[in-house]
Structures are given as structure tokens and as C-alpha cells.
Amino acid sequence: MTASTPIDVPDAFTASYPEQGAEARAWLAALPRIGAELLEHWDLRPDGPAGHGMASVVLPVRRADGTPAALKLQQPREEAAAATVGLRTWRGDGIVRLLDGDDGRGGQLLERLDASRPLSSVADDGAAVQVLAELLARLTSVPAPAGLRSLADVAGAMLDRADGAVPALRDPAERRLVRTCASAVAELVAEPGDRLLHWDLHYDNVLAAEREPWLAIDPEPLAGDPGFDLLPALDNRWEEAVATGDPGRVVLGRFDRLTEVLGLDRERATGWTLGRVLQNALWDVEDGRTALDPAQVAIAGALLRRSAPAAARSAERP
């Protein structure tokens, strides 16, 4: 394999890659060449068709000694460089192992996991939550390395934007909910925490492996409080949670399992989870939406009803 033999980028990835301006288009056009250069650089040979997520392409490869691995390609940005820092810090403890990295070209050489067996394939939701909780406990037990983006900065930026975003929402109850979430963050922002967070650990970001039964993938590392890492686990299989007729009970069951395994103070974890709801609400408004995701509203409501019934009722009244 030489740099003159470009890799095949899946058409679906090219079609679905988020529109982010000229820089993103230039990277996408150069991606086949960049992939070929990294294959040559690390002496790799393709070992199957490439897969993709929302922001990356992953090509199964074999190293010079025949060891299976995976070549992950993503646009070189701050988030990609932070992922490399996080993977190097975790050293494969509960998460996919980084074999090599090239931040300049946005490449990561990773151990091969079984992409056909995500944690979402486990039918028993309680068992899946337990696996995710145990992985998250291991990941967040690690101190964040110096220089990583901090939850203090993220939370401060959210608080600066919250008041300006509220008027975009049509429903007065949703406007009040955003204010309630911002108040919860304001109470916690002075103590943002210093653990290494994954920031996006849900069932589809956990894959079966040979080294361990399950390993996390695709971190978006952040330095902060582990309570800020819980929300992605709470809205997994949301349709199934709704189908039970009591999604709030499902949310609280998952939340209690997560906080128990991680050893978190539930009041503090509730506040930071409301912070994640705020973050998602702000992103929705930035995308031009005038209503919140119903799952996010339900999750926030369930936590507020238990921790502060009066505040929850106030937030929900039209």
C-alpha cells in the first residue's frame, strides 16, 4: 500500500458529514489521500471495508506483523487532539487502546474491537447499564491531565448563553426548565471537578472486545465532575423507556445504578445532569429549533420531581 493508492471513503459518510464550511469540505476531499498516507506511514494493509460514525471513518487494518487493528480518521481539530490525549492517559483501562496517533492528520491507530457487537445488542437493559456504569467508574477514577478543556470553562460559557437562548423556545414551561437547569449549574460551577470524563458514553460507544468483554470507544475528553458524564446513559433506548408507560421510573433506575456504582452524591449528580440538559438545549437553539427534545425534558423532569418536587411542578406549569 502506497500513498498513491487512496482509501475508499464510504459514500454514506461523504453524504452525511456535517456541513462545517470550506475547511471541512477540504478535509473530506483530502481524506482518501490522508488515509493512504497513514497506511503507508504505519505499514498497514486494509482488512475489510471501512465503516463510519457521524464524524469519523474507521478502516479495519492489519499491522506488519499481522496483528488486527483499526485506523480511525477524523478532521484534525481540538476535539480529535483531546481524544488522543485521553486515550494515552487511560492507557486502555476500560477503553480502546491507542497504538499510535498522528494529530496533524487526524489519525489514530487503535486496537481492533468487534464493531458488530455494541453494548446496545444486550437485551437486558439492567445488565447493559451495569456494564456502562462499571466502565464509567474506571474511566472517571483517573485524574485529568493538565491542559485539557475544563468543565469550568464549558459551564461558564453555558451560563453566559442561557438567558439569550431562552426566548427562542415556544413553550413557557421549556423556557422555565432551561432557567432551572442554568440555576443548577450556577450552584455547582465553582467546584467543577478534575476527573477525566468521556463525555459521550452510551451503549453504542461500548463494543465487545477480546482483551475484556466490553471496552469504551470514541471519547470526547473533558476535565470535570463525573456527574456531568451520566446523561448519555439515561436516554439510551428511549423508545423502549417510553413503551413501559413510565419513562421517569426507567430514568431514575438508571440514574440510581450509575450513581451507586460511581459512588456519587446524587444531589450533585442531579445538578450536573441538568447541566447536560442545558447544554443540549443550547445546542438545539443554535441549530434553529424552538422546542426541546422530549427525552431531555422527561429526564430533567424525573430528576427534578424527586430532588425538588416544588421546583419541578413550577417548571412544568404552562
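Just so you know, these numbers come straight off a predicted model, no measurement behind them.
Under the 4.5 Å side-chain heavy-atom criterion for ILVMFWY residues, no single connected hydrophobic cluster contains both V58 and L113. L274 and V250 are members of different hydrophobic clusters when ILVMFWY side chains are connected at heavy-atom separations under 4.5 Å. The hydrophobic cluster containing L252 also contains V242, counting ILVMFWY residues as joined when their side-chain heavy atoms lie under 4.5 angstrom apart, directly or transitively.
Residue F255 holds its CZ atom at 6.0 Å from CG of L230, rounded to the nearest 0.5 Å. Put simply, CZ on R149 and CG on L197 are 12.0 Å apart, with the number rounded to the nearest 0.5 Å. Note that CH2 of W42 and CD of E37 are 11.5 Å apart. Values are rounded to the nearest 0.5 Å. The structure places CD of E191 at 12.0 Å from CG of L151, a figure rounded to the nearest 0.5 Å. Going from atom CG of L258 over to atom CD of E134 covers 11.0 Å, rounded to the nearest 0.5 Å. Note that CG of L59 and CG of L39 are 6.0 Å apart. Values are rounded to the nearest 0.5 Å.
A salt bridge links R254 with D125: the closest approach of a Lys/Arg side-chain nitrogen to an acidic carboxylate oxygen falls below 4.0 angstrom. A salt bridge does not link D225 with R195: every distance from a Lys NZ or Arg NE/NH1/NH2 to an Asp or Glu carboxylate oxygen is 4.0 Å or more. We find that R306 and D256 are joined by a salt bridge, their nearest charged nitrogen and carboxylate oxygen being less than 4.0 Å apart. Under 4.0 Å is where a charged nitrogen must lie from a carboxylate oxygen, and between D163 and R179 no such pair does. Between E23 and R77 there is no salt bridge, since no side-chain nitrogen of the basic residue lies less than 4.0 Å from a carboxylate oxygen of the acidic one.
Considering only heavy atoms from C-beta on, L119 stays 4.5 Å or farther from H202 through its side chain. Between I217 and V206, every side-chain heavy-atom pair lies at or beyond the 4.5 Å cut-off. At least one side-chain heavy atom of P219 sits less than 4.5 Å from a side-chain heavy atom of I95. In this structure, L177 and C181 have side chains that are in contact, with non-hydrogen atoms separated by less than 4.5 Å. Using a 4.5 Å heavy-atom cutoff, the side chains of P76 and D103 are not in contact. L99 is not listed as a side-chain neighbour of L110, based on a closest heavy-atom distance of 4.5 Å or more. R63 places a side-chain heavy atom less than 4.5 Å from the side chain of L44. Side-chain contact between I299 and D235: present, with at least one pair of heavy atoms (C-beta onward) separated by less than 4.5 Å.
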Run the side chain to side chain contact (heavy atoms under 4.5 Å, CB included) check on E79 and E220 step by step: do they pass? CA-CA 6 Å; E79 295 88 345; E220 300 179 19; 5.8 Å; no

Give the C-alpha distance, both sets of side-chain angles, the deciding distance and a yes or no for side chain to side chain donor-acceptor pair (under 3.5 Å) between D114 and S116. CA-CA 5 Å; D114 188 349; S116 70; 2.5 Å; yes

Working note: L148 + L196, criterion side chain to side chain contact (heavy atoms under 4.5 Å, CB included); need CA distance, chi angles, decisive distance, verdict. CA-CA 9 Å; L148 200 63; L196 182 53; 3.4 Å; yes

Test side chain to side chain donor-acceptor pair (under 3.5 Å) on T84 and Q108; report intermediate values, then the result. CA-CA 8 Å; T84 299; Q108 293 177 345; 3.2 Å; yes

Let me see the working for D293 and W238 under side chain to side chain contact (heavy atoms under 4.5 Å, CB included), right down to the final yes or no. CA-CA 11 Å; D293 180 349; W238 189 249; over 6 Å; no

After noting the C-alpha distance and the side-chain angles of L262 and T140, does the key distance pass the side chain to side chain contact (heavy atoms under 4.5 Å, CB included) rule? CA-CA 8 Å; L262 273 71; T140 58; 4.0 Å; yes

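Side chain of H52 to main chain of T14: no donor-acceptor pair is present (N/O by atom type, distance under 3.5 Å, no hydrogens or angles). Side-chain atoms of R45 never come within 3.5 Å of backbone atoms of G66 as a donor-acceptor pair (strictly under, hydrogens ignored). In this structure, N236 contributes its side chain and Y203 its backbone to a donor-acceptor pair below 3.5 Å. Checked by atom type and distance alone, the side chain of E111 pairs as donor or acceptor with a backbone atom of R97 at under 3.5 Å. A donor-acceptor pair is defined here as one N or O able to donate and one able to accept, closer than 3.5 Å; such a pair exists between the side chain of R237 and the backbone of S120. Judged by distance alone, the side chain of D102 and the main-chain N or O of G107 form no donor-acceptor pair under 3.5 Å. Checking side-chain atoms of R88 against main-chain N and O of L98 turns up no donor-acceptor pair under 3.5 Å. Between the side chain of D65 and the main chain of T67, a donor-acceptor pair closer than 3.5 Å is present. Put simply, the side chain of R175 never gets that close to the backbone of V166: no donor and acceptor are under 3.5 Å apart. Between the side chain of T270 and the backbone N or O of R266 there is at least one donor-acceptor pair closer than 3.5 Å.
Heavy atoms only, all atoms of each residue included: L136 and L201 are closest at CD1-CD2, 3.7 Å. Here the shortest heavy-atom pairing between A144 and A223 reads CB-CB, 3.4 Å. Of all the heavy atoms in L135 and G94, the pair that sits closest is CD2-O, 3.5 Å. Looking at every heavy atom in both residues, G248 comes nearest to A302 through CA-CB, 3.9 Å. Here the shortest heavy-atom pairing between P60 and P49 reads CD-O, 3.2 Å. Closest approach of L292 to E174, counting heavy atoms only: N-OE1, 2.8 Å.
For the 3.5 Å distance criterion, the side chains of D246 and T244 fail to qualify, holding no donor opposite an acceptor.
More than 12 heavy atoms of other residues, nucleotides or ligands lie within 6.0 Å of CG in D93, so this atom counts as buried by the packing criterion. Counting non-hydrogen atoms of other residues, nucleotides and ligands closer than 6.0 Å to CD of E210 gives a total of 12 or fewer. In D11, the CG atom is not crowded: 12 or fewer heavy atoms of neighbouring residues, nucleotides or ligands sit closer than 6.0 Å.
Cation-pi geometry between R138 and W90 is not satisfied (NZ or CZ under 6.0 Å from the ring centre, within 45° of the ring normal).
Separation of the Y17 and W27 ring centroids falls under the 6.0 Å cut-off.
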